[in-house]
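Reminder, nothing fancy here: chain letters follow the sequence lines and each chain counts from 1. Heavy atoms only: backbone and side chains are in, while hydrogens, waters and symmetry mates are out.
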Amino acid sequence: MHVRGTVAGEVEVRSVSTSYGETDLAEVPLQLTAIEAAAAPDGGPESEPLAAAVEGDSVADSGPNLEPDPEPTTVTLWNKWTESAELLEPGMELLVTNAEQDEYQGETQYKTTGDSYVVVEPSFLVNVTAIRNWVECPRLYYLNKLSGVPLNYPVVKGTIVHEVFGDLLRGRDLEESIDARVDEHGLELGLLGESPDSVAEDVRENAGAIEGWLEQGRLTEEDSWRSEQLLISETFGIRGRADAIRRGAPVELKTGKNLKKEPRFKDKVQAACYALLLEEHGGDVDTGTLLYTKNSALDRNEETGDLTPAKDFSMGDGLLKFVVRLRNEIAAMETSGDIPTGYEGSAKCEYCFEQDTCMVVSGRLDQESKAGQIGQALPDEELEYFERFYRAIEEERREVHREYAKLWEQDAQERADDDRALIDLEFVEKRPLEGGRWELRARREGGATSKLREGDLVLASDGHPVRGQSELARIERLDDEIVLTADEPVEVTRLDVYPSELTTDRLLAALHDALLKGDERRKDILFGRADPEFEEIEETFIDNNARQNEAVTKAVGAKDCALIHGPPGTGKTYTIARAIRAMVERGERVLLSAFTNRAVDNALEALLEQLEGVIDEERIVRVGSESGVRDDMEPYRLERAGDPEDRLAELQNAQVVAATTATCGSRIMKEQSFDAALVDEAAQLTEPGTCAAINLAERFVLVGDHEQLPPVVRAENDLSESLFERLVDLHPEAGVMLDRQYRMNQRIQAFASREFYDGKLRPAEPEVAARTLDDLEGVARADLPEHLQDPVSFVDVEGDGSRYTDSEEAARIAELIEAYEAAGLERSEIGVIAPFRAQVSEISAHVPDDVAVDTVDRFQGSSQEVIVVSFTATGSLEGPIFEDYRRINVALTRPKRALVLVGDSNALATDPVYGRMLEWARR
DNA sequence: CCTCTGCAAAGAGGA
């Protein structure tokens, strides 16, 4: 049976004498949470019925009304599992598979058997690559995590060879695959100064070894293959992507040379991880294959005379268990928040190629390490800052891990209700694409919503994302019919959100770079040890708005940084664009960044207007993914594929580069440097998030409004306050506040001004205050229903009571849009804002495509003539999304001429701020 | 809950 629970006290490890000699054991007091019958296909003694196992114990799984047993149960871990026992701390989760029940002095206990695995914190999913790094040296694992993998040729080549390998397995022609894959990496190869021909030749050499080996297999037997499978194990808490699986056993590709008889130990460990993953998916794996593609006939194996690049090895029980113990070390360390020192492993520092880096990092961060320290430690306040943010980012990471665990902890219906999955899809067809990939189609029942969006990566499965057949797929189209692309065909009936650690990885790298690579002057400013300095500038940039002009002057003249506070509609975007133009005219290279793609595109749009005729359009580049960048900015988007020299030239020649802060943390952007970085909507960014952009530039300008949306973080911690807000307090002399708004009719701005800006927000001109729909060509307010004629109106809808959607509100909104259209408005002049992604997709299904419907978060930074707000709350205003009033501020300040609030007045009246809003809207 | 993100894995070199 499998036993699971929470460690309830100190763990005792000792030695006892048995008939076999001295043996180690650990007694773990465990507060049981579950006991499951083990799946034993042969009906062996382990497959006792659940009821018998549970009798006398209280088990959370066995009934909702059962009180948890106050007394912990002793679980004894024998032999080498005591190593994992040493890692345990009270509160940690523990899983013991194939345990045996034992009566001792009248008490029920459990113990490990020869078939047992002991898993520490099983819901923490450890990456296979993390285990591979860890076995080399735990400190190396930490260094990799901290700084990310830099752009270098061996890595890029390795990636291409892997892709070609996958293509070969899927039946693609070798030459065609090489050409296509080298082309896809054009930009990276350009940055590395590589030519496509030499890379293709290099890849061809490696691929030749693969092909020859594949041919051998084909001659002798019918091999069953599949490539690149993403595997997740809920039992062992491991996830990874296997290069290939042949007859159920893992094949791992290595682009290096290995002339020894045996595979490298770390490579074996990696293959063993995949074996564990495959075992959980029904396999019975006892061999693995490593394919060293640089081995060739010329490098005859010194011992065996072997000519092939492949090395098979057998995987015993002992190796698999060793791998689980390694995995436990990582899980325990990450749970307790400790930093590896290197003493955990047996690696010899003098042989390590990372020894110098390791010593420098240890020295600067004042960390204990086996390699020792060199250099001067960072000042205490910087060390404290590093530790605080490291912890906060890792806390975010654990939240992502919790999302993974939900893939199996929640059942299908729960996930669908949470909008984390689309279930019960009807599979339509699978169609082979060029290059061996597949297009999959499925149909959803009308009305099913989720937070999935086109362009997202998802787990596409035939029923369960972890237990069933499951593939990582990309959503190409999301209508009633859903179109996906994936490496292998799955008869897809379900889609699940795939959680990603990418953001946390990049935040960590940005933190590392800011403190360990950042220059001293920059850090003096960030830590308040020096005051920002400004160059005297006589020029007038904007002559009808003194504050805007002051802001541009500060931005252009800043030697360190400038801070621009811009409430809604005060011309932030214009001010940024004007400042960038001035910098460009001085010959500087400028980075334009913001948290969301939408904000980047908005700012870029205003900038394009300013730069017209100033520089060549080709010198303005937008970096980002195709699905992220707005269609009308696509012409400026930097394509990654193509000829390396061309791609490189396109990027290097760009005088203005625009990208989200997440993209600024990518390997490609990290190779770039700028004179100045301007970050829009900076109040929405965490400190490390802001650093990802400003790390790339000599000086920076942050523009934002802390009365609007704060950073999005999963856990409450140091990440919730933006660098912008902190610097505004630290260096008030570097800041300017814009105070005149050019957007809203007086009636619309009244509430926000009073509620969020002490009444200080004022219309810039009388015309702004007085603007109404009548000013628009072909629109007559008189043609609207009476209740919509005022610039602010409220439509009371009782709502349908669901959590993240409301079909009644959606239906009313569709009617409202028809009414506005009938009065002469263009659909493109109307925007709809909802708090939840699911409601956004619900509304989208009700209204024409050319009406912009989006979440508050994605609407920040833009405006429309008419805005309709869907509150999506019935009865009460529960949920964190309503608690942050700054979100309301954003929603209510998007319109220029008309605002319609749609919601349940009873729900809104339960909160004082929403109550005042209601009074204002209903006046 | 909201956001972002080509996923994950890619690796010369040695005692």
Side-chain angles (χ1 to χ4, degrees), chain A residues 127-130 132-133 136 144 149-163 184-185 188 228-231 239-243 252-257 264 266-267 270 294 347-348 350-354 418-419 451 453 455-459 471-474 486-487 498-507 594-600 624-628 640 659-668 681 684-686 689 692 709-714 803-804 834-840 854-860 872 878-884 886-887 890:
Chain A
N127 274 331
V128 172
T129 32
R132 183 186 141 97
N133 285 334
E136 206 170 352
N144 271 331
V149 177
L151 188 63
N152 62 28
Y153 180 59
V155 171
V156 175
K157 188 188 83 178
T159 307
I160 297 176
V161 173
H162 275 74
E163 288 167 350
E184 281 170 24
H185 290 270
E188 283 175 305
E228 313 215 25
Q229 189 173 12
L230 176 73
L231 293 156
R239 75 166 199 270
R241 198 169 160 107
D243 287 343
E252 184 55 35
L253 187 68
K254 295 289 158 205
T255 357
K257 191 183 279 204
R264 289 188 186 92
K266 60 186 176 187
D267 297 341
Q270 189 175 0
K294 263 210 168 165
K348 286 199 166 64
E350 58 266 37
Y351 303 150
C352 178
F353 291 95
E354 301 298 333
D418 262 8
D419 289 313
K451 52 169 66 177
R453 281 200 279 249
D456 284 358
L457 274 171
V458 291
L459 284 170
E471 277 291 319
L472 205 53
R474 183 170 297 281
D487 280 345
Y498 183 70
S500 167
E501 286 178 63
L502 196 121
T503 309
T504 42
D505 287 342
R506 288 192 179 168
L507 290 182
F595 181 48
T596 64
N597 273 305
R598 213 174 239 269
V600 171
S625 68
E626 199 184 335
S627 61
R640 303 160 73 104
T660 58
T661 47
T663 298
C664 288
S666 70
R667 280 199 313 209
I668 284 165
E681 308 292 0
Q684 242 180 316
L685 281 161
T686 62
L709 294 178
V712 177
V713 286
R714 292 166 197 267
R803 196 138 64 118
Y804 302 126
F836 308 113
R837 276 209 227 185
Q839 175 70 350
V840 166
D854 228 322
T855 55
V856 184
D857 300 64
R858 303 213 321 169
F859 246 106
Q860 171 152 345
T872 325
E878 266 172 45
I881 199 143
F882 298 106
E883 283 164 18
D884 197 329
R886 289 175 285 192
R887 200 164 253 116
V890 175

In whole angstrom, what separates [X]'s [atom1] from [N]'s [atom2]?
{"X": "Glu136(A)", "N": "dA12(B)", "atom1": "CD", "atom2": "P", "result": "11 Å"}
{"X": "Leu685(A)", "N": "dT3(B)", "atom1": "CG", "atom2": "P", "result": "15 Å"}
{"X": "Glu188(A)", "N": "dA9(B)", "atom1": "CD", "atom2": "P", "result": "17 Å"}
{"X": "Glu471(A)", "N": "dA8(B)", "atom1": "CD", "atom2": "P", "result": "14 Å"}
{"X": "Tyr351(A)", "N": "dG13(B)", "atom1": "OH", "atom2": "C1'", "result": "15 Å"}
{"X": "Glu681(A)", "N": "dT3(B)", "atom1": "CD", "atom2": "C1'", "result": "12 Å"}
{"X": "His185(A)", "N": "dA8(B)", "atom1": "NE2", "atom2": "P", "result": "16 Å"}
{"X": "Gln684(A)", "N": "dC1(B)", "atom1": "CD", "atom2": "C1'", "result": "14 Å"}

Would you indicate which nucleotide in [options] comes nearest to any side-chain atom of [X]?
{"X": "Leu457(A)", "options": "dG11(B), dC7(B), dG14(B)", "value": "dC7(B)"}
{"X": "Asp857(A)", "options": "dC2(B), dA9(B), dG11(B)", "value": "dC2(B)"}
{"X": "Arg506(A)", "options": "dT3(B), dG6(B), dA8(B)", "value": "dG6(B)"}
{"X": "Pro154(A)", "options": "dT3(B), dA12(B), dC2(B)", "value": "dA12(B)"}
{"X": "Tyr804(A)", "options": "dC1(B), dG6(B), dA8(B)", "value": "dC1(B)"}
{"X": "Arg837(A)", "options": "dC2(B), dA9(B), dA12(B)", "value": "dC2(B)"}
{"X": "Ala662(A)", "options": "dC4(B), dA8(B), dG6(B)", "value": "dC4(B)"}

- Message: Does the structure show Phe353(A) stacking with dG13(B), if we require the centres to be closer than 5.5 Å and the planes to be within less than 30 degrees of parallel?
- Response: yes
- Residues Ala486(A) and Ala473(A): closest non-hydrogen pair is CB-CB, 3.9 Å
Measuring from atom [atom1] of [X] to atom [atom2] of [Y], what distance do you get when rounded to the nearest 0.5 angstrom?
{"X": "Arg132(A)", "Y": "Glu252(A)", "atom1": "CZ", "atom2": "CD", "value": "7.5 Å"}
{"X": "Glu228(A)", "Y": "Glu471(A)", "atom1": "CD", "atom2": "CD", "value": "9.5 Å"}
{"X": "Gln839(A)", "Y": "Thr855(A)", "atom1": "CD", "atom2": "OG1", "value": "12.0 Å"}

- Sorted by position of nearest nucleotide on DNA chain B, 5' first, the leading residue of Glu350(A) and Arg239(A) is Arg239(A)
- Residue closer to the 5' end of DNA chain B, Glu184(A) versus Glu252(A) (nearest nucleotide): Glu184(A)
Counting the atoms with a prime plus P, OP1 and OP2 as sugar-phosphate, which does [X] contact under 4.0 Å by heavy atoms, base, sugar-phosphate, or nothing?
{"X": "Lys348(A)", "result": "nothing"}
{"X": "Gly240(A)", "result": "sugar-phosphate"}
{"X": "Gln270(A)", "result": "sugar-phosphate"}
{"X": "Pro711(A)", "result": "nothing"}
{"X": "Thr503(A)", "result": "base"}
{"X": "Asp505(A)", "result": "nothing"}
{"X": "Thr663(A)", "result": "sugar-phosphate"}
{"X": "Asn597(A)", "result": "sugar-phosphate"}
{"X": "Val856(A)", "result": "nothing"}

- Query: Taking the six-membered ring of Phe859(A), is NZ or CZ of Arg598(A) closer than 6.0 Å to its centre and within 45° of its axis?
  - Reply: yes
Establish, with yes or no, whether the OP1 or OP2 oxygen of [N] is under 4.0 angstrom from a side-chain nitrogen or oxygen of [X].
{"X": "His162(A)", "N": "dA9(B)", "value": "no"}
{"X": "Thr159(A)", "N": "dA9(B)", "value": "no"}
{"X": "Ser625(A)", "N": "dT5(B)", "value": "no"}
{"X": "Thr129(A)", "N": "dA8(B)", "value": "no"}
{"X": "Asn144(A)", "N": "dA9(B)", "value": "no"}
{"X": "Lys157(A)", "N": "dA10(B)", "value": "no"}
{"X": "Arg453(A)", "N": "dC4(B)", "value": "yes"}
{"X": "Arg667(A)", "N": "dA10(B)", "value": "no"}
{"X": "Thr660(A)", "N": "dT5(B)", "value": "yes"}
{"X": "Tyr498(A)", "N": "dA8(B)", "value": "yes"}
{"X": "Arg264(A)", "N": "dG11(B)", "value": "no"}

- Task: For nucleotides dA8(B) and dA12(B), find the distance between their P atoms and express it as a whole number of Å.
- Result: 22 Å
- Atom C1', compared across dG6(B) and dA10(B): separation rounded to whole Å: 14 Å
- Which way is the base of dA10(B) turned, syn or anti, if we draw the line at 90° from 0? anti
- Task: List the steps and the verdict of side-chain contact (heavy atoms from CB on, under 4.5 Å) for Arg506(A) and Leu502(A).
- Result: CA-CA 6 Å; Arg506(A) 288 192 179 168; Leu502(A) 196 121; 3.7 Å; yes
- Item | Under 3.5 Å: donor-acceptor pair, side chain of Asp243(A), backbone of Leu253(A) | yes
- Message: Taking atom types as they are modelled, would you say the side chain of Arg474(A) forms a donor-acceptor pair with the base of dC7(B) within the 3.5 Å cutoff?
- Response: no
- Query: Would you call Pro835(A) and Arg887(A) a side-chain contact if the rule is heavy atoms closer than 4.5 Å?
  - Reply: no
- Salt-bridge present (Arg239(A), Glu501(A); N to O < 4.0 Å): yes
